[in-house]
Amino acid sequence: MERQAVLVTGGAGYLGSVLAGKLCAAGHRVTVVDNHATSPRRAPSPGIRHVEADIRDVGDWSAALRGIDAVVHLAAIVGDPACEVDHDLTWETNYLATVGLVGACRAAGVGRFVLASSCSNYGESANERARTLSPMQPKSLYAQSKIYAEHHVLSSRCPSFRTVILRLATLYGLSPRMRFDLAVNTMTAMAVQQRRVVVHGGEQWRPFLHVEDAAEAFALAVGVPAGGSSGGIYNCGSNGENYRLRDIGEMVAAVVPGARLEVTPSATDPRDYQVDFTSSRSGLGLRPGRSVRDGVAEMAAALRHGRFQDFTDPAYSNLALVRAAAGGRQPAMAAA
Ligand SMILES: NC(=O)c1ccc[n+]([C@@H]2O[C@H](COP(=O)([O-])OP(=O)(O)OC[C@H]3O[C@@H](n4cnc5c(N)ncnc54)[C@H](O)[C@@H]3O)[C@@H](O)[C@H]2O)c1
């Protein structure tokens, strides 16, 4: 594999901290840009250059783009509830900053741009697995902002600026920057620390992907030949890992002894979709090696060994962190 200079925006986050380590271990020269809006400052990892900067002010740090072969763009306000706290912040971060970053990358001669997008964009596709050309039916500002960012990135592609868009399933699993506001992670932590698993509604379909396998998708995207039949857009996940939320609750309750499953009738999250992941298998060569059951077992063991004191600590929740930064403003929707 060709070694490259790769800059990862949002590289201190839940996915980014796993990805930065993976790229570094593969021999790439890695630069992380993050303003720590929703991730803590940690001791610098050997071999990784850290730039503390805001993607909305790319003019201030664009010198860091010189000599970079590929940019992986993860930085965003992430999650439906967090994006509702401050709509302006969400548009500025998830869309307008992407426009600015694409312009700065092209000016600096960056040859490849990989955007993190989301299967949330499909919104509603319970009866037929969504493919990359299926209609987008966003149910949230988060998904809308990702769709706008995708359009801009796609419209910027040209032979000297190759673009790849990865629409990720909902992630789960252990990361150096942990999130307990993701469905599988929340249910597992609740099962271990509160001996119960609460599922709201439960009939909604959702695809899931381990954070390590998601990082592998980005590592592959940095090197994959551009174009292909998908136009550079790939759904990332596994066909066998589409589940109803109730299935996840039952799985967690089965893996964590003594945890009681509680299903409440009303769903707090209107998303309901299954996704077809053939595009990333054939186009990227992505073969996710972990299942939700593996992830639940791995997180339950870490929780039992006391690695996380209290999963309800605001440090593990993007909604709580964004809300605190906004001065305690309430989001327009409940946390999912
Ligand atoms: N976690 C999931 O289930 C999931 C699913 C689909 C897509 N994605 C996408 O993957 C990417 C990473 O998600 P994550 O789960 O790691 O979220 P995260 O919140 O842990 O990471 C986002 C990172 O971006 C940084 N950031 C936010 N605003 C910034 C700014 N203005 N300037 C610089 N840095 C800024 C944050 O500090 C954080 O480190 C996001 O683009 C997200 O939309 C995630």
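For ligands, and for the atoms within them, numbers begin at 1 and follow the listed sequence.
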Atom CG of residue position Asp60 - does it have more than 12 heavy atoms of other residues, nucleotides or ligands inside 6.0 Å? yes
If you scan protein heavy atoms around atom 21 (O) of ligand 1, the nearest is Gly13 CA, 3.6 Å
What do you reckon, does His73 have a nitrogen or oxygen under 3.5 Å from a nitrogen or oxygen of ligand 1? no
Regarding ligand 1, does Gly16 bring an N or O atom to under 3.5 Å of one of the ligand's N or O atoms? no
Counting only N and O atoms by type, is there a donor-acceptor contact under 3.5 Å from the side chain of Tyr273 to the main-chain atoms of Gln137? no
min-distance protein heavy atom vs atom 38 (C) of ligand 1 -> Thr38 OG1, 3.3 Å
Are any of the N or O atoms of Leu15 closer than 3.5 Å to those of ligand 1? yes
Out of all atoms in ligand 1, which are within 4.0 Å of some heavy atom of Arg179? Include the element for each. 1 (N), 14 (P), 15 (O), 17 (O), 20 (O)
Ring centroid separation for Phe180 and Phe308, is it under 6.0 angstrom? yes
Presence of salt bridge, Arg41 and Glu52, under 4.0 angstrom: yes
Any donor-acceptor N/O pair, Tyr14 side chain to Ser39 backbone, under 3.5 Å: no
Within a distance under 4.0 Å of any heavy atom of Arg177, pick out the atoms of ligand 1 and give their elements. 19 (O), 20 (O)
Looking at ligand 1, would Lys146 count as a contact under a 4.0 Å heavy-atom criterion? yes
Surrounding CZ of Arg244 (heavy atoms of other residues, nucleotides or ligands, distance under 6.0 Å), is the total greater than 12? yes
Which protein heavy atom lies closest to atom 23 (C) of ligand 1, and at what distance to 0.1 Å? Gly10 CA, 3.7 Å
So if I count the atoms of ligand 1 from 1 in the order they appear, which ones are less than 4.0 Å from some heavy atom of Thr93? 28 (N), 31 (N)
Lys/Arg-Asp/Glu bridge criterion (N-O < 4.0 Å) met for Arg167, Glu150: yes
How far is atom 37 (O) of ligand 1 from the closest protein heavy atom, and which atom is that? Asp34 OD1, 2.7 Å
Step by step, would you call Val322 with Leu319 a side chain to side chain contact (heavy atoms under 4.5 Å, CB included)? CA-CA 5 Å; Val322 174; Leu319 170 61; over 6 Å; no
If I take atom CG from residue Leu220 and atom CG from residue Asp213, how far apart are they, to the nearest 0.5 angstrom? 10.0 Å
Relative to the heavy atoms of His36, which atoms of ligand 1 are at a distance of less than 4.0 Å? 37 (O)
Which is closest to atom 17 (O) of ligand 1 by heavy-atom distance: Asn185, Val78, Val58, Leu168? Val78
Below 4.0 angstrom, N of the basic side chain to O of the carboxylate: do Arg271 and Glu124 qualify? no
Check the hydrophobic clustering (I, L, V, M, F, W, Y; side-chain heavy atoms under 4.5 Å; chains of links allowed) and say if Ile55 and Phe161 are grouped together. yes
Identify the closest protein heavy atom to atom 31 (N) of ligand 1: which residue and atom is it, and at what distance? Asp54 OD1, 2.9 Å
Measure from atom 30 (C) of ligand 1 to every heavy atom in Val72, Leu171, Asn35, Leu74 and give the option owning the shortest one. Asn35
In ligand 1, the atoms that come under 4.0 Å of a heavy atom of Thr170 are 3 (O)
Going by the atom numbers of ligand 1, which of them fall below 4.0 Å from some non-hydrogen atom of Ala53? 32 (N), 33 (C)
Closest protein heavy atom (residue, atom, distance) for atom 22 (C) of ligand 1: Ala76 O, 3.9 Å
Going by the order shown, which atoms of ligand 1 are within less than 4.0 Å of some heavy atom of Ala12? 39 (O)
Side chains of Asp294 and Ser291: do they bring a donor and an acceptor to under 3.5 Å? yes
For atom 32 (N) of ligand 1, which candidate among Leu19, Val211, Ile55 holds the nearest heavy atom? Ile55
Assign the ring pair Phe208 / Tyr243 to parallel, tilted or perpendicular, where the plane angle (0 to 90°) is split at 30° and 60°. tilted
Region of Cys119 engaging ligand 1 - heavy atom pairs below 4.0 Å: neither
Going by the order shown, which atoms of ligand 1 are within less than 4.0 Å of some heavy atom of Leu182? 1 (N), 3 (O)
Looking at ligand 1, is there an atom of it that comes within less than 4.0 Å of some heavy atom belonging to Ser117? yes
Out of Phe208, Tyr142, Tyr14, Tyr316, whose heavy atom is nearest to atom 8 (N) of ligand 1? Tyr142
Give a yes or no on whether Leu261 and Met190 share a hydrophobic cluster (residues Ile, Leu, Val, Met, Phe, Trp, Tyr; joining criterion: side-chain heavy atoms under 4.5 Å apart). yes
Nearest protein heavy atom to atom 5 (C) of ligand 1, by residue and atom, and its distance? Ala169 O, 3.5 Å
Is it true that Val263 and Ile248 fall in one hydrophobic cluster, defined by side-chain heavy atoms closer than 4.5 Å? yes
Does ligand 1 have any atom that is closer than 4.0 Å to a heavy atom of Ser17? no
